[in-house]
Amino acid sequence: MVTSFTLDDLMVIEASRQIQDENIVLVGTGLPMVASLLAQKLHAPKMCYVVETGNIAPEVIPTPTSVCDPRVMYKAIKHGSLLDSLGGILQRGLADIAFLGGAQIDEYANVNSTSIGDYSNPKVRLPGSGGANDLASHAKKILIITRHEKRRFPKNCDYITSPGYIDGPEGRKNAGIPSKYPDIIVITNLCVMEIDKKTGKLVITKLMPSISIDDVITNTDFEPLIQSSINVSNPTQKEIDTLHNEVDPLGVYLKKNNPINN
Amino acid sequence: MVTSFTLDDLMVIEASRQIQDENIVLVGTGLPMVASLLAQKLHAPKMCYVVETGNIAPEVIPTPTSVCDPRVMYKAIKHGSLLDSLGGILQRGLADIAFLGGAQIDEYANVNSTSIGDYSNPKVRLPGSGGANDLASHAKKILIITRHEKRRFPKNCDYITSPGYIDGPEGRKNAGIPSKYPDIIVITNLCVMEIDKKTGKLVITKLMPSISIDDVITNTDFEPLIQSSINVSNPTQKEIDTLHNEVDPLGVYLKKNNPINN
Amino acid sequence: MLNKIIDKTMNPKDAVQEFISDGDTIGIGGQSIGRVSTLLAHEIVRQQKKDLTLVGCNLSLSMDLLVGAKLVKRTECGSGSFERFGTAFQWRNAIQNNLIEFQDYSHLAMASRFLAGSLGIPFIPTKSMLGTDLLKKQNTNKINPFEIINNPWQKDEPVVLLPALQPDVSIIHAQMADKSGNIIIEGFTTHEPEMIKASKKVIVSCEKLIDSEFVKSHPEKISIPYIFIDAVIEQPLGGYPTSVYNYYEHDSDHILYYQEKARSGGKEYSNYLDEYIYNCKSFEEYIQKSAGTNKIKALKDSMLKLL
Amino acid sequence: MLNKIIDKTMNPKDAVQEFISDGDTIGIGGQSIGRVSTLLAHEIVRQQKKDLTLVGCNLSLSMDLLVGAKLVKRTECGSGSFERFGTAFQWRNAIQNNLIEFQDYSHLAMASRFLAGSLGIPFIPTKSMLGTDLLKKQNTNKINPFEIINNPWQKDEPVVLLPALQPDVSIIHAQMADKSGNIIIEGFTTHEPEMIKASKKVIVSCEKLIDSEFVKSHPEKISIPYIFIDAVIEQPLGGYPTSVYNYYEHDSDHILYYQEKARSGGKEYSNYLDEYIYNCKSFEEYIQKSAGTNKIKALKDSMLKLL
C-alpha cells in the first residue's frame with residue numbers, strides 16, 4: 001500500500017524514470033529539475049546535471065527556483081558559460097536528455113514558446129526560445145512535462161520555436177537538424193505521449209491512473225493517435241517519499257492536494 | 001660617454017624603441033622577448049606582454065628560453081589558451097605589435113618559416129608557421145629582428161608562410177588580410193628597413209653605426225630601396241645597463257663580444 | 001603583469017556619459033534574476049541615452065527598464081524573461097504594440113554570435129534553429145539575421161551562418177574587479193565571457209574592488225583580463241534586486257512589485273521609474289527605498305547559508 | 001556533483017590498448033618543451049599502433065617519437081619544433097624523404113578547428129592564412145583542407161573556412177586529475193582545452209591524483225570536467241624530459257641528446273628507441289636511465305624557485 005499521491009506527483013515520477021544512470025541531462029528549474037533530482041537520488045546516482053547558465057554537475061540543494069539560483073551552483077565541478085553548456089556539451093552531441101516546456105505543443109511535438117497569434121503583431125508575446133530550440137535540436141532524447149490543457153495541444157503551433165518532428169517522420173532529417181530521430185516523450189497529468197517514428201506524430205502510450213482515452217481526447221485539440229491504453233505504473237513508496245522528503249520538501253513545486261488513494 | 005655595446009645590443013634596443021606605453025605586444029621568446037622587456041622597463045611600463053601559449057601579462061623573470069618556460073608565467077593575470085591569445089586578442093584586432101622571425105624575408109617583407117626548396121619535396125623542411133602567419137595577418141605593427149645575412153633576404157621566398165605586403169602596396173588588402181596596411185619594420189645588425197606604403201617594398205630607413213649602404217646591399221639578395229642613410233641613435237647608458245643588468249643578466253641572448261666604443 | 005597599474009575606476013555617471021552614446025548597440029550582462037547590472041541600467045535611464053539596440057541571451061530587468069523608459073529601438077536576444085516571475089512585460093508590451101524592432105535567436109545562437117565577435121571572425125556556424133520559425137519568420141529585414149549554406153565538407157548538409165556581434169559597449173555587474181579591470185565572476189557566467197571579449201567597450205560594476213596584487217597570485221580566478229575593460233565601478237548591491245552569487249539572494253518582493261508595475265504599464269509604470277530612478281539621488285537611496293537595511297541583511301544571510 | 005564517482009583510473013598499457021586503434025587520428029597535447037605526454041607517446045610506440053594521423057598545434061617530442069618509430073601516416077599541425085632545440089628532426093626527415101603526408105596550418109587555424117569540433121559545428125571561419133602559400137600550396141589533396149567563401153555580410157571580403165577536427169583520441173599530460181577525470185592544467189594551456197573537448201576519447205596522465213572532494217570545492221581550478229575524459233593515469237614525471245609547470249623544469253641535457261639522435265637518424269635513432277622505450281620495462285626505468293634521482297631533484301628544485 002502506497003500513501004496518497006497526486007497525478008502531478010506521478011507525472012514527475014514517470015519523467016524521472018526516463019533518466020538512466022550516467023546520462024548527461026540538460027535541465028532548467030521547475031518540474032524538470034524535480035524529475036532529474038529524483039532520478040539521481042533513486043536509480044541514476046551518476047547522472048550529470050548541466051544547467052544552461054553554465055554550471056556543470058552541481059549537488060543541487062532543494063529547491064531552486066531559477067537557473068541563476070545558488071542552489072544549482074552548490075559543489076558544481078565547473079562554473080562555465082552558456083556556450084560551454086549549450087555549445088560544448090549540447091550542440092557537441094553529448095546531451096542524452098533535455099527537458100522542454102512551452103505554451104503550445106502540436107501533434108508533431110513542435111513547441112511554441114515565442115508568440116500567440118501573428119509573430120509580427122502578436123496577441124501575446126511570450127519569452128521566446130531561450131535555450132529551448134537548442135535543446136530540441138541537439139539532445140538525443142527530449143522530455144516535455146506539462147499539465148494537460150486543450151489550449152496547450154493545438155493542431156498547429158502559431159510559431160515553431162523548438163523542433164519536434166516538424167511535419168513528419170523525416171522532418172528533422174530534411175531540415176538538417178543534428179539529432180535526426182530522437183525519442184520525444186510528453187508526460188502530462190493525464191497521459192504519456194511519445195513520437196511514433198513511422199508517422200512523426202505523438203501517440204498515446206500510457207494513461208495516468210483513473211484517466212480514460214476520452215479524457216485525453218477531450219483535452220487535446222489535435223487528434224492524438226492511440227498506441228496503447230496501459231496505465232503508468234503507480235509510484236512506489238520510495239519514489240513518493242524521496243520526492244516529497246528530499247527533492248521538494250517545502251512543496252515549492254508539488255503540493256499535496258487531491259491525493260489519489262490506492 | 002656610453003660604455004661599449006655591440007650591434008646586436010643596438011638591434012634589440014632599436015626594436016624596444018618601437019614599443020609604446022600600453023601597447024599589447026604578442027611575443028615569443030628570444031630577442032623579441034628581450035626587446036619587449038627592455039621597453040617595459042624603460043619607457044613602456046604599462047605594456048601588456050601576451051605569450052602565444054596563453055599567458056597574459058606576466059611579470060617575466062629573466063631569462064626565459066621557451067614559450068612554455070615558467071619564467072613567462074610568473075604572476076600572469078591569466079593562464080589562458082592559444083585560442084585566447086591568437087584568437088581572442090590577436091585575430092580580434094587588439095594586438096598593437098607582434099614580433100616575427102623566419103629563414104627568409106623577401107623585398108615585400110613576406111616571411112618563410114616553412115621550407116627551403118620545393119614545398120612537397122623540400123631541401124630543408126623548417127618548423128612551419130606556428131603562430132607566425134597569425135601574427136603577420138592581424139597585428140597593427142610587425143617587427144622582425146634578424147641578423148643580416150644574404151641568404152635570409154632573397155628576392156622571393158621559396159614559400160610564403162607569413163604575409164608581408166605580398167606583391168605590392170595593395171597586396172594585403174586584395175588578399176583580404178584584416179590588418180591591411182601595417183607598419184612592418186625589419187631591424188638587423190646592419191640597418192633598419194621599413195615597408196614603404198607606396199610600393200609595398202622594404203626601404204632602408206636607418207643604418208647601424210659604422211655600417212654603410214653598401215654593406216647592407218652586399219648582404220641582401222634583393223635590391224633594397226633607400227630612403228635615408230641616417231644612423232640609428234646610439235644607445236643611452238640606461239638602455240645598455242637595463243639590457244645587460246636586468247633583462248638578460250646572464251647573457252643568454254646577448255654576449256658582450258665585439259663592442260663598439262663610442 | 002603591469003609594472004604600473006592603469007586606473008580605470010570611475011563613478012557610474014561619468015562612465016555612462018563617456019562610454020555610451022545615443023544609437024549604440026549595448027550588450028546586457030546577467031541572466032533572469034541573477035547578476036543583472038541594475039546600477040548601470042538605472043544610470044542609462046537617468047541619462048536618457050536614446051535609440052539603443054539591446055543584445056544578449058536571456059534579458060530581464062535591464063532590458064525591461066530601458067524599453068519601459070522608451071530608450072530602445074531594437075532588441076536581439078534569446079528570451080525576455082524573469083523565469084517564474086514572468087515575461088519581461090514592458091518588452092512584451094512594446095512588441096505587442098509595435099513600438100520596437102526585435103530579432104529572435106536561440107540562446108546558443110546569441111552566444112555563438114558573441115563568440116565570433118570575440119574571435120574577430122565575421123560569422124560563425126550553428127546547427128540550431130534549423131526547421132523552425134526562428135529561421136522562417138522575421139519581424140524586420142533591415143539586417144540579414146542569418147544565412148543558410150551547404151557544408152562544403154558534407155553534401156546536402158545545411159548549416160546556419162550567424163553574423164558576428166560586437167556591441168559598442170557592454171554593461172556587466174561582477175563580484176570583484178581590481179582597478180585596472182581584471183574581473184572575477186563567480187557562479188554562472190552565461191553569455192558574458194564571450195560578450196565582454198567581443199565588445200568595443202565594457203563598463204563593469206562590482207561588489208568589491210580588490211587589490212591588483214591578489215589578481216597576480218590567483219590567475220585561475222580571473223574571468224576576464226583588464227585589456228577588455230574600460231571602466232570599473234565599485235558598487236555594493238549593484239545587482240539588486242537580482243541575486244549575486246556569494247553576496248546576496250534575489251529580492252522576490254521587489255521583483256514581484258516591479259513585474260506588477262511593468263505588467264500594468266502606463267501611469268503605474270512611470271510612477272515606478274519616477275520613484276526608484278528619476279527621484280533617487282543615488283543608487284543607495286534606491287536600495288533604501290526598495291529594500292532597506294534589514295531586508296538587505298536577510299538577503300545576504302540567505303545567500304551565505306547556501307554556500 | 002556525482003553522488004557516486006565514476007572511476008576511470010587505468011594503467012597506461014590498458015588505456016592505450018583499449019582506446020587507441022591503428023588508423024586513428026590522435027590529438028597531441030603539450031607544446032614545444034612543455035607538458036608533452038611522453039608517457040603515452042612511449043606506450044603507443046611500445047604497442048606499435050600504426051597508420052596514425054597526428055594533429056595539434058606546435059608538436060614536438062610526441063610527434064617526433066611516433067614518426068621516428070614509423071607509426072605515422074599523416075600530420076596536420078602548425079609547427080614541428082622544440083624551439084631553440086631545433087626542428088622536430090624525425091618529422092623533418094620524414095617530410096624531406098616523402099615518408100608521410102602533411103598538412104600545414106597556422107596555430108590559430110588548428111586551434112580554431114578544434115574549437116569547431118568542440119562546439120559540434122562542421123567548420124569555422126578564420127582570417128588567417130589569406131594571401132600566403134598556406135592556402136596556395138598543398139602537399140596532398142585527399143582531404144580538402146579549407147574553403148574560401150565570400151562573407152555574406154560584407155561584399156568582396158574573402159573568408160577562410162576550416163573543417164572542424166574531432167580526434168578519435170587525444171593524449172594529454174596534466175598536473176592533476178581526480179579519478180573520475182576532472183582535470184587541472186596549470187600554467188599555459190595551448191590548444192588543449194579545445195582539443196580535449198573536441199575529441200571522441202581522451203586519455204590523461206597526471207602528476208598527481210587528487211580527491212574528488214577537492215574538485216567540488218574548487219570549481220575555478222578545474223580546466224576540463226570529467227565528462228570529456230575516458231582514462232586517468234597517475235604518473236609522476238609523465239611529461240619528462242619536458243617541463244611541467246609547478247612540478248619540474250625541462251631537462252636540456254636529455255632533449256639535446258634526443259635531438260642529436262633524431263637529427264642523425266638511422267641506427268643512432270633506433271638505438272635510442274631501443275634503449276629508452278623498447279628495452280624499458282616501465283616508465284620509471286626510462287626516468288632512471290635518462291635522468292636519475294639527482295637530476296630529477298635538481299629539475300624539481302629549479303621549478304620551485306621560479307614559482
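The figures here come from the full heavy-atom set of this structure, side chains too, leaving out hydrogens, waters and symmetry mates. Letters A, B, ... are given to chains in the order of the sequence lines, protein chains preceding strands, and every chain is numbered from 1.
- Using a 4.5 Å cut-off between heavy atoms, A/Ser162 touches chain C through its backbone atoms (N, CA, C, O) alone.
- Ring centroid separation for the pair C/His173 and C/Tyr247 does not come in under the 6.0 Å cut-off.
- For the residue pair C/Thr189 / A/Ser81, no side-chain donor-acceptor distance below 3.5 Å is found, with atom types taken as modelled.
- Considering A/Asp183, A/Val25, A/Ile184, A/Asp96 as possible partners of A/Lys141, the one that fulfils the side chain to side chain contact (heavy atoms under 4.5 Å, CB included) test is A/Asp183.
- Looking at A/Val124, both its backbone and its side chain come within 4.5 Å of chain C, counting heavy atoms on both sides.
- Using a 4.5 Å cut-off between heavy atoms, C/Glu192 does not touch chain A at all.
- Around NZ of A/Lys197, the count of heavy atoms belonging to other residues, nucleotides or ligands within 6.0 Å exceeds 12.
- Contact of A/Leu90 with chain C is not made at all, since no heavy-atom distance falls under 4.5 Å.
- With a 4.5 angstrom heavy-atom cutoff, C/Glu194 touches chain A only via side-chain atoms.
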Candidate pair A/Asp196 and A/Lys198, rule salt bridge (Lys or Arg N to Asp or Glu O under 4.0 Å), full reasoning:
CA-CA 5 Å; A/Asp196 168 50; A/Lys198 292 208 187 71; 5.3 Å; no
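- Proximity to chain C is limited to the side chain of A/Asn55, based on heavy atoms less than 4.5 angstrom apart.
- Contacts of C/Asp104 with chain A are made by both backbone and side-chain atoms, with heavy-atom separations under 4.5 Å.
- In this structure, chain C has a heavy atom under 4.5 Å from the backbone of A/Lys123, while its side chain stays farther away.
- Interface residue C/Thr190: backbone and side-chain heavy atoms are both found under 4.5 Å from chain A.
- A donor and an acceptor atom, one from each side chain of C/Asn246 and C/Glu186, are located under 3.5 Å apart.
- Heavy atoms of C/Leu306 lying under 4.5 Å from chain A belong to its backbone as well as its side chain.
- Only the backbone of A/Asp158 comes within contact range of chain C, judged by heavy atoms closer than 4.5 Å.
- Taking all atoms of both residues into account, the shortest heavy-atom contact from C/Asn58 to C/Ser32 is OD1-N, 2.6 Å.
- Highest contact tally toward chain A, considering only C/Glu157, C/Lys136, C/Arg92, C/His191, is held by C/Arg92 [criterion: heavy-atom pairs under 4.5 Å].
- If you measure heavy-atom distances from C/Leu307 to chain A, the contacts under 4.5 Å come from the backbone alone.
- Both the sub-6.0 Å distance and the 45° axial angle are satisfied by C/Arg35 relative to the ring of C/Phe188.
- When only modelled atom types and interatomic distance are considered, A/Tyr181 and A/Glu170 share a side-chain donor-acceptor pair under 3.5 Å.
- Of the atoms belonging to C/Met303, it is side-chain heavy atoms, and not backbone ones, that fall under 4.5 Å from chain A.
- Looking at A/Ser137, only its side chain comes within 4.5 Å of chain C, counting heavy atoms on both sides.
- C/Thr242 does not touch chain A: none of its heavy atoms, backbone or side chain, sits under 4.5 Å away.
- The contact between C/Glu83 and chain A is made entirely by side chain atoms (from C-beta outward), counting heavy-atom distances below 4.5 Å.
- Proximity of A/Arg125 to A/Ile116: side-chain heavy atoms (C-beta onward) are nowhere separated by under 4.5 Å.
- Side-chain rings of A/His79 and C/Tyr245 approach one another, their centers coming within less than 6.0 Å.
- Of the atoms belonging to A/Val67, heavy atoms from both backbone and side chain fall under 4.5 Å from chain C.
- No part of C/Phe85 comes within reach of chain A, as not one of its non-hydrogen atoms sits under 4.5 angstrom from that chain.
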